[in-house]
There are 2 protein chains.
Amino acid sequence: MTFPVIGMVGGGQLARMTHEAGIPLGIRFRLLSDTPQDSAAQVVRDVVVGDYRDLDTLRDFARGCDVITFDHEHVPTEHLRVLEAEGIPVRPGPDALVHAQDKGVMRARLSEIGIPCPRHRIVADPADVTRFAGEGAAGEGAAREEGWPVVLKTVRGGYDGKGVWVVSSEAEAAEPFRAGVPVLAEEKVDYVRELAANVVRSPHGQAVAYPVVESIQVDGVCDTVIAPAPGLSPELSAHAQETALTIAKELGVTGHLAVELFETRDGRVLVNELAMRPHNSGHWTQDGAVTSQFANHLRAVLDLPLGDPRPRAPWTVMANVLGGDYPDMYQGYLHCMARDPRLKIHMYGKDVKPGRKVGHVNTYGDDLADVRERAAHAAAYLRGTITE
Amino acid sequence: MTFPVIGMVGGGQLARMTHEAGIPLGIRFRLLSDTPQDSAAQVVRDVVVGDYRDLDTLRDFARGCDVITFDHEHVPTEHLRVLEAEGIPVRPGPDALVHAQDKGVMRARLSEIGIPCPRHRIVADPADVTRFAGEGAAGEGAAREEGWPVVLKTVRGGYDGKGVWVVSSEAEAAEPFRAGVPVLAEEKVDYVRELAANVVRSPHGQAVAYPVVESIQVDGVCDTVIAPAPGLSPELSAHAQETALTIAKELGVTGHLAVELFETRDGRVLVNELAMRPHNSGHWTQDGAVTSQFANHLRAVLDLPLGDPRPRAPWTVMANVLGGDYPDMYQGYLHCMARDPRLKIHMYGKDVKPGRKVGHVNTYGDDLADVRERAAHAAAYLRGTITE
């Protein structure tokens, strides 16, 4: 057999959807999963259950693979260096991945290469946070004269709103330091909206840029993504894509890179966060682009030529389905499918817990208001927030 | 867990692609496969290896499932009646499926409900074939005055050109009778091309019709499918769709029904064959329609509302990839993906044997000649028929 074996670390929905994209390519997919019931483990044949933090587990897993890639960014950098030293391609590699794992390292490097970021620095304690706030009192982008509120982030470990605090006083600034992890302070950007400029880059340097999208967060979690971002000027869109491509190249990223951005009131973009894996802001591509982020991530990781990232419809919208009060996602299918025969449902096979990402829906068409309404309705109905 | 378990009998590529379509729906997929290496068995978690012809194997398999469906049509009708009697939904049911399994039964029923077919009857021996040829000497659609050539088919067991003979004399007519299976004789229709009118029907009677496609056969095997059939009049297209919908309804088909048709020189359609499962003539839908045949087959089998069958592009072409001299399909990816970033590859994970269906490619776009060329080139390159 000539088809390569891709080993993906992490059994969540990103791995599930990557496996789905790998099936038509004939690629053999191997999964390292925390449990046998993880989202991806339910649909993959070749599953190893084990702890990715254990080096021996990781090495044994990698030994059967032609390349290793990731559903999440928590694999210790040192372990990845061991794998690379033993001749197993790791994509993205640890030197790139550390910029998605450590926000302090990321901010330092982006500043080094001249990528616009919110004002930021590592802060030592709550008093230092107050000093940081003061440094920005008259600075660019500050929301208020006195520099509050301030955004505090642990440099490692955050996702979906966790590990991030918005504080308005020195007293409120105490909590983040309790984790014992370095804390990064950032100005709270007065943004008009959040965008994502996602790109895919392969080991031989080919890269493609997806249309820039608008990302709407609710309670720190992605709620809706609109592709392309409505009303975004071609100039700002191109600038956002070039920014993402530059980051991918300078950091040596291979695979999918999600660059989350703030669009400021005065029409600039500042980089918020990076993710080096398929990303929530790219799920729309499964139905809305010629080549999905999952298919292109696989192609990049395998050093194959990349697929066309262009949109297939004027508007595509993704709405996340979060767990609500109903444990049964399936019972909503009858209504949702009957109401919208064009609806594209993507469920993750995960147990429903309140607020947990259990799936998403994609809609597409010519009329943005209609496309948004269809996605929002389906997501709300499946969640149980509405009942008709 | 509330998501249903679909049991699919048969581990070929149709099951593989049906599982692929089931992943985003969160459906649990169970497979009864001949071997652990079958196309679908490589990518499905819940695989039972066993012989579908053994009733106990089939019953044990079905016991864990909410509904049974098929990758092929070889499951003995009597076994399916046992499953139904034991309360397990079988879709399509044996009463419908027999019309895809037995060409004699199919012809009789279609004639009964007034569906146009080639002139046909069961023939007892080679002399009877000569009589059949003579019956059509001056009849409608006969190719020659004397009624030869004649098409002979064993009523059960044929596919991809097997079990079908085109004979031009009584002497040539001897071979089909050696199988010991009843033989159906049909006039050789003087057709301008072959079409397929595929539909999906659910247990509560909802049905959708896909665009009618042109199907080009080479050596009795499907080579290329063009969607929609170029130059087909709206009237003949609607008539073909209505014919397929009528057959689905009258035969009580649930799931996907492929109706293969001849388009005659005088602008009529005659039914050639039926298949009650996803079909080669519908693979284009994976990239060219809003809802693929695989997704809609699943929805019908689960009695869910059906998805929109409309095309997403002006033209979509599928080209089969057959095994050639190269055992390595993967090495062709570099060239094919670089040449055409919009190419959609669908490989089956099967060992390459000459002439064997090992995958297909889909292309789509505005310019039919270009879309056809891209598909043909990729299929030929992967097969090894061309090398640049």
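Keep in mind it's a predicted model, so treat the numbers as computed, not measured. Lettering of chains follows the sequences in order, A, B, ..., and the numbering in each one begins at 1.
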Which atom of [X] lies closest to which atom of [Y], heavy atoms considered:
{"X": "B:Lys344", "Y": "A:Thr291", "answer": "NZ-CA, 4.0 Å"}
{"X": "B:Val290", "Y": "A:Arg342", "answer": "CG2-NH1, 3.8 Å"}
{"X": "A:Leu334", "Y": "B:Pro305", "answer": "O-CG, 3.4 Å"}

At a heavy-atom separation under 4.5 Å, does [X] approach chain B through its side chain, its backbone, both, or neither?
{"X": "A:Leu306", "result": "backbone"}
{"X": "A:Ala21", "result": "neither"}
{"X": "A:Tyr348", "result": "neither"}

Heavy-atom distances under 4.5 Å only: say whether [X] touches chain A with side chain, backbone, both or neither.
{"X": "B:Asp303", "answer": "backbone"}
{"X": "B:Arg299", "answer": "side chain"}
{"X": "B:Phe29", "answer": "neither"}
{"X": "B:Ala295", "answer": "neither"}
{"X": "B:Met17", "answer": "neither"}

Can you tell me which residue among A:Glu20, A:Arg45, A:His19 is in a side-chain contact (heavy atoms from CB on, under 4.5 Å) with B:Val43?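 The option that passes is A:His19.
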